[in-house]
Amino acid sequence: MNYEEFRGTLLEKLKVSREKLGYSTMDYYEKGFTSEDTKELEIIRNTNIRYHKTECDMLLGDYIILYLSDADRYDCSCRFSCQYLYETFEEEGWDGVREIITANLDSCRKNASLDIMQLIDENDYKALKERIFIRLLNFNDHRYELKENHYRRIGDIVQVLYLMASDEHGKDGRHDVYSIKLPKHLSESWNLSEEELWENAMANTYLMAPPRMYLNPMDTADPPYHKGAFMALNSDIKSLPATSVPVVTTTSQMNGAIAIFYPGVMERIAELFGDDYYVAFTSIHDLRIHKKGTIPPIHILRRVRDTNRAFPADETLSRKVYLYEAASKTFKQLEL
């Protein structure tokens, strides 16, 4: 059975098994699909980032989404790559495909019925997996509270693993996020390598808030989604003038400085500048980049100090200047 035959048979099997599987409705999206509908466009973008590690408004594969409830249509759903299911079919037959679909639907039902504290008590990695993400903190300001948590240090900055408890957008424009640090003891029974844990957390973080680059600081004021999408396919940002000082953050601009650590971002900025560059973390939310040779790093450091003094202490991320060297692909703190 070739891929097209498998895909057609799979869709028919899912339709006739709706009651047995216990899902409410099914959507099928073909490769190349795009939409002007806000929710569908969000599905396309999230799917491309999670499965293809690419930001694009056109779907890069064939996908099936099964919704558990029409009432909570977009909150209680399972997404399946047809290509992945076909590869499973070739190795394990229909039993393997059925097992994947059933296991994912069961897990989705369980997650929907529990709050974050219950999920933590259950300590099931599959249930918590998509809630794990990364935040940046200043190491010196938080060093004593990190002893029992997962973190990685880069100069005076630490990447810290967190669990998302809630992420709500209010009608009044408020964006309320509640999260807790992931304790080490929680992950000890997960039978997961440290590298796998961090890779998954980074993928989730990217999915929650893709990277953005704004060439004018004024562009950060309520920009449209596509503005500054320098990592996206067909981005209109092809190069950077030597004297430009872009702002790098994320679409949410909340804890957006993490964007510089997303896969491929440092390398892409070096390509745009055509050279090495300095990084000044102006807060936990954003950073500025300067092409090497356009400004003495000591001048950048003075600006960082001035910025830190002007804003609340809990928004300070770094008190140093960093350098990215393209040839060696190294990111290092400078001692000035």
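One is the number of the first residue; the rest follow in order along the sequence. Keep in mind that what you see is a predicted model, and the values were worked out from it rather than measured.
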Look up atom CD in Glu335 and atom CG in Leu301, then write down how far apart they are to the nearest 0.5 Å.
10.0 Å
Looking at every heavy atom in both Pro297 and Val321, which two are closest together, and how far apart are they?
O-CG2, 3.9 Å
Going only through I, L, V, M, F, W and Y residues with side-chain contacts under 4.5 Å, is there a path from Leu233 to Met213?
no
Classify the side-chain pair Asp236/His226 by whether it contains a donor and acceptor separated by less than 3.5 Å.
no
Hey, does Met202 have a side-chain heavy atom less than 4.5 Å from the side chain of Ile134?
yes
Can you find a pair of side-chain heavy atoms, one from Ser283 and one from Thr316, that are under 4.5 Å apart?
no
Is it the case that atom CZ in Phe311 sees more than 12 heavy atoms from other parts of the structure closer than 6.0 Å?
no
Counting only heavy atoms from other residues, nucleotides and ligands, does the tally under 6.0 Å from CD of Glu148 exceed 12?
no
Measuring only between side-chain heavy atoms, which start at C-beta, is Met58 closer than 4.5 Å to Phe33?
no
Between Pro241 and Phe273, the two heavy atoms sitting closest are O-CE2, 3.4 Å
Flag if over 12 foreign heavy atoms under 6.0 Å of CG, Asn191:
no
Does Glu36, at its CD atom, have more than 12 non-hydrogen atoms belonging to other residues, nucleotides or ligands within less than 6.0 Å?
no
Check the pair Leu66, Ile101 against side-chain contact (heavy atoms from CB on, under 4.5 Å), reporting the backbone distance first and the verdict last.
CA-CA 9 Å; Leu66 302 181; Ile101 293 172; 4.1 Å; yes
Stepwise side-chain hydrogen bond (donor to acceptor under 3.5 Å, both in side chains) check, Ser318 with Asn138
CA-CA 6 Å; Ser318 175; Asn138 179 268; 5.5 Å; no
Indicate the atoms forming the closest heavy-atom contact of Thr251 with Ala209, along with that distance.
OG1-CA, 3.5 Å
pair Asp62-Tyr3: side-chain heavy atoms closer than 4.5 Å
yes
Within the 4.5 Å heavy-atom criterion, are Arg302 and His299 side-chain neighbours or not?
yes
With a 4.0 Å cut-off, would you call Arg288 and Asp286 a salt bridge?
yes
Testing the basics here: between Pro210 and Glu55, what is the closest heavy-atom pair and its distance to 0.1 Å?
CB-OE1, 3.5 Å
Result for side-chain contact (heavy atoms from CB on, under 4.5 Å) between Val247 and one of Leu215, Asp219, Thr220, Asn216 points to Thr220
Taking atom CD as the centre, does Gln333 end up with more than 12 heavy-atom neighbours from other residues, nucleotides or ligands that are less than 6.0 angstrom away?
yes
Regarding Asp95 and Arg98, does a basic nitrogen lie under 4.0 Å from an acidic carboxylate oxygen?
yes
Checking side-chain polar atoms at under 3.5 Å, does His150 have a donor or acceptor matched by the opposite partner on Gln159?
no
Any chance NZ of Lys31 has more than 12 other-residue heavy atoms, nucleotides or ligands included, within less than 6.0 Å?
no
Between Tyr322 and Asp156, a side-chain donor and acceptor under 3.5 Å
yes
Output, in order, the C-alpha distance, side-chain angles, deciding distance and verdict of ring-ring contact (aromatic ring centres under 6.0 Å, His included) for Trp198 and Tyr151.
CA-CA 9 Å; Trp198 281 93; Tyr151 71 89; 8.7 Å; no
Met26 versus Leu11: any side-chain heavy-atom pair under 4.5 Å?
yes
Does atom CG of Asn2 have more than 12 heavy-atom neighbours, drawn from other residues, nucleotides or ligands, at distances under 6.0 Å?
yes
Other residues, nucleotides, ligands: >12 heavy atoms within 6.0 Å of Lys181 NZ:
yes
Here the gap from Ser17 atom OG to Leu10 atom CG, rounded to the nearest 0.5 Å, amounts to 10.0 Å
Salt-bridged, Arg268 to Glu271, with N to O below 4.0 Å?
yes
Beyond-backbone contact of Phe230 with Ile269, side-chain heavy atoms, under 4.5 angstrom:
yes
Charged N-O contact under 4.0 Å between Glu325 and Lys332
yes
With distance as the sole criterion, is a donor-acceptor pair present between the side chains of Glu188 and His185 under 3.5 Å?
no
About how many Å separate CG of Leu59 and CD1 of Ile43, when rounded to the nearest 0.5 Å?
10.0 Å
Between Tyr63 and Tyr28, does the ring centre distance come in under 6.0 Å?
no
Would you say the side-chain atoms of Arg212 and Thr250 include a donor-acceptor pair closer than 3.5 Å?
no
Walk me through whether Asn204 and Arg131 qualify under side-chain hydrogen bond (donor to acceptor under 3.5 Å, both in side chains).
CA-CA 8 Å; Asn204 290 341; Arg131 293 175 175 264; over 6 Å; no
Heavy-atom closest pair (Ile284 atom, Asp314 atom, distance to 0.1 Å) is CD1-O, 4.0 Å
Using the side-chain contact (heavy atoms from CB on, under 4.5 Å) rule, take Leu163 and Ser179 through it: C-alpha gap first, then chi angles, then the decisive distance, then the call.
CA-CA 5 Å; Leu163 276 172; Ser179 60; over 6 Å; no
Is the closest side-chain heavy-atom distance between Tyr29 and Ile44 below 4.5 Å?
no
For the residue pair Phe89 and Tyr86, categorise the inter-ring angle as parallel (less than 30°), tilted (30 to 60°) or perpendicular (more than 60°).
parallel
Do the numbers put Arg79 on top of the ring of Tyr51, so that NZ or CZ is under 6.0 Å from the six-membered ring centre and no more than 45° off the axis?
no
Just by distance, no angles: are the side chains of Thr9 and Glu12 close enough, under 3.5 Å, to form a donor-acceptor pair?
no
Just verifying a value: how many Å separate Leu85 CG and Ile100 CD1, rounded to the nearest 0.5 Å?
5.5 Å
What about Tyr324 and Phe331, are their ring centers closer than 6.0 Å?
no
Write down the atom of Ser189, the atom of Leu186, and the distance for their closest heavy-atom approach.
OG-O, 4.1 Å
